[in-house]
Amino acid sequence: MAIDPGQEAPAEQPSRTKAYRTLVVDPSDAVTGLSIVFGVVGALVGMIAAVVVTPDLSLALLGYCVLTGLAGGSAGIVTGGMVGAILAVAKGVTPPRDIGKQP
């Protein structure tokens with residue numbers, strides 16, 4: 001159907017329903033992401049604590065930093081995983097249910 005040059009095209013009717021975009025975070029992504037972040041922070045806190053607590057600078061300081069970095073990192077990974085799981089469950093992401101629909 002051709003439109004005459006003197007005739008305007010019909011205006012589109014605006015939709016009364018707005019399309020909202022919802023952000024859905026996969027629970028496994030939340031657990032993994034927070035575990036990584038908390039693990040790095042825990043390792044840094046452990047290393048800084050080793051430097052502050054050690055009375056003198058020696059070769060043992062390197063061993064202390066490695067040891068406290070591993071301990072702080074593993075504690076941070078466990079804590080971050082727990083916090084991520086709590087946030088993911090509290091968000092309540094559930095798949096929609098198709099009750100009563102037959103294929």
Side-chain angles (χ1 to χ4, degrees):
M1 174 175 149
I3 299 175
D4 286 335
Q7 186 182 22
E8 293 183 18
E12 292 184 23
Q13 295 294 326
S15 174
R16 294 195 184 269
T17 61
K18 292 184 179 179
Y20 290 104
R21 188 173 172 191
T22 58
L23 177 65
V24 178
V25 177
D26 186 25
S28 64
D29 291 340
V31 170
T32 303
L34 283 176
S35 293
I36 291 170
V37 170
F38 277 57
V40 170
V41 169
L44 289 175
V45 168
M47 288 181 195
I48 292 170
V51 171
V52 170
V53 172
T54 304
D56 58 348
L57 294 176
S58 65
L59 190 58
L61 180 62
L62 181 65
Y64 294 152
C65 283
V66 170
L67 185 64
T68 57
L70 290 173
S74 63
I77 288 172
V78 170
T79 305
M82 180 185 66
V83 170
I86 289 170
L87 292 177
V89 170
K91 177 79 174 159
V93 177
T94 56
R97 296 189 299 182
D98 294 333
I99 298 176
K101 289 189 177 183
Q102 297 295 328

- Please report the closest heavy-atom contact between A50 and T54, naming both atoms and the distance.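 Residues A50 and T54, closest heavy atoms: O-OG1, 2.5 Å.
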- Task: Heavy atoms only: give me the nearest S74-A71 pair and the separation to one decimal.
- Result: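 Nearest heavy atoms, S74 then A71: OG-O, 3.0 Å.
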- Joint cluster assignment, V83 & V41, ILVMFWY side-chain distance < 4.5 Å: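 No; tracing contacts between hydrophobic side chains, which count when under 4.5 Å, never links both residues.
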- Query: Is T32 reaching over with its side chain to a backbone N or O of D29, donor-acceptor style, under 3.5 angstrom?
  - Reply: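 Checked: no pair found.
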Would you give the length of the straight line joining atom [atom1] of [X] to atom [atom2] of [Y], rounded to the nearest 0.5 angstrom?
X: I77; Y: I36; atom1: CD1; atom2: CD1; value: 8.5 Å
X: L57; Y: L62; atom1: CG; atom2: CG; value: 12.0 Å
X: M47; Y: L70; atom1: CE; atom2: CG; value: 7.5 Å

- Is there a side-chain contact between I48 and T68 (heavy atoms, below 4.5 Å)?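 The answer is no, as the side chains (C-beta and beyond) never meet within the 4.5 Å cut-off.
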